[in-house]
Amino acid sequence: MSVKNYNKEARERYEDYLDDLMFEALEAYKLPEKVGINYRGDFIALYPNPVFTGNKVSRIEYKTTQIVKLPEELTERHTILMAEIAKAKREALKGKSKAGRPKKPFTEDVVTQWVQLREQGLTYGEIAKQYGASGSTVSNYLKKYRKRAVAN
């Protein structure tokens, strides 16, 4: 095995180790809340917070907030993971609308029906509900339709 491959494998093992530690820390937040009593005798919610010894979760403390200071290595790994997730989402959404659905091109016949419905006094929103679109989509298609009609 070459030194380059060995270093790559060692780095991947270390990243996996950090990921496992991050997962363990995040699992603490799935624990149920507890109810406590403050010094005035009021009931308060107490949230699980992991306590770290080095990079490992050594115990769980219950506090009034869910704020925890991650060790530096885990903070760096978390930043890297979040960037990778954001990149993967951008890649997955390429060619799709912002809502993540494939775009629905409406045919000329449908747009002609929209024009007729609009002339009958229906709003963009009312038309949109009938065709599973948004009011702004109907509006945009009708604007384009009118531009084409004026150009011809």
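Computed from a predicted model, the values in this text were never measured in an experiment. Side chains are part of it too, since the values below use all heavy atoms of this structure and drop only hydrogens, waters and symmetry mates.
Here Trp114 and Tyr145 keep their ring centres 6.0 angstrom or further from each other.
Here the side chains of Glu15 and Ile80 are not in contact, with every heavy-atom distance at 4.5 Å or above. Two residues are said to be in side-chain contact when any heavy atoms from C-beta on lie closer than 4.5 Å; Ile37 and Phe43 meet this criterion. Using a 4.5 Å heavy-atom cutoff, the side chains of Tyr141 and Val110 are not in contact. Between Lys30 and Glu27, some side-chain heavy-atom pair lies under the 4.5 Å cut-off. For the pair Thr137 and Tyr131, the minimum side-chain heavy-atom distance is 4.5 Å or more.
Annotation for Leu74 and Leu18: closest pair CD2-O, 3.6 Å, computed over non-hydrogen atoms. In plain terms, the two heavy atoms of Pro32 and Pro48 that are nearest each other are O-CD, 4.2 Å. Between Gly135 and Tyr124, the closest heavy-atom pair is O-CB, 3.6 Å. Annotation for Ala25 and Pro50: closest pair O-CG, 3.9 Å, computed over non-hydrogen atoms.
Here the CD-CD distance, from Gln120 to Glu126, works out to 11.0 Å after rounding to the nearest 0.5 Å. Distance check, rounded to the nearest 0.5 Å: OG1 of Thr112 to CG of Leu117 gives 11.0 Å. The OG1 atom of Thr64 lies 9.5 Å from the CG atom of Asn38; values are rounded to the nearest 0.5 Å. Interatomic distance, Lys63 NZ to Leu46 CG, rounded to the nearest 0.5 Å: 11.5 Å.
Linking ILVMFWY residues whenever their side-chain heavy atoms come closer than 4.5 Å, directly or via other members, places Leu26 and Leu31 in the same cluster. Met22 and Tyr14 fall within a single hydrophobic cluster, where Ile, Leu, Val, Met, Phe, Trp and Tyr are joined by side-chain heavy atoms under 4.5 Å apart, directly or via other members.
Residue pairs meeting the side-chain hydrogen bond (donor to acceptor under 3.5 Å, both in side chains) criterion with at least one member in residues 75-84, sequence neighbours excluded: Asp19-Arg77. For residues 105-122, the set of pairs meeting the salt bridge (Lys or Arg N to Asp or Glu O under 4.0 Å) definition, not counting sequence neighbours, comprises Glu108-Arg148.
When the salt bridge (charged side-chain N to carboxylate O under 4.0 Å, His left out) test is applied to Arg13, the partners found at least two apart in sequence or on another chain are Glu9. Residues forming a salt bridge (charged side-chain N to carboxylate O under 4.0 Å, His left out) with Asp20 (at least two apart in sequence, or on another chain): none. Glu12 meets the salt bridge (charged side-chain N to carboxylate O under 4.0 Å, His left out) test with no other residue; sequence neighbours excluded.
Remark: side-chain polar atoms of Asn49 are paired, donor with acceptor, to backbone N or O of Tyr47 under 3.5 angstrom.
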Let me check something: any side-chain donor-acceptor pairs from residues 52-62 under 3.5 Å, sequence neighbours excluded? List them with distances.
residue: Thr53; atom: OG1; partner: Ser58; partner atom: OG; Å: 2.9
residue: Asn55; atom: ND2; partner: Glu73; partner atom: OE1; Å: 2.4
residue: Ser58; atom: OG; partner: Val51; partner atom: O; Å: 3.1
residue: Arg59; atom: NH2; partner: Glu61; partner atom: OE2; Å: 2.7

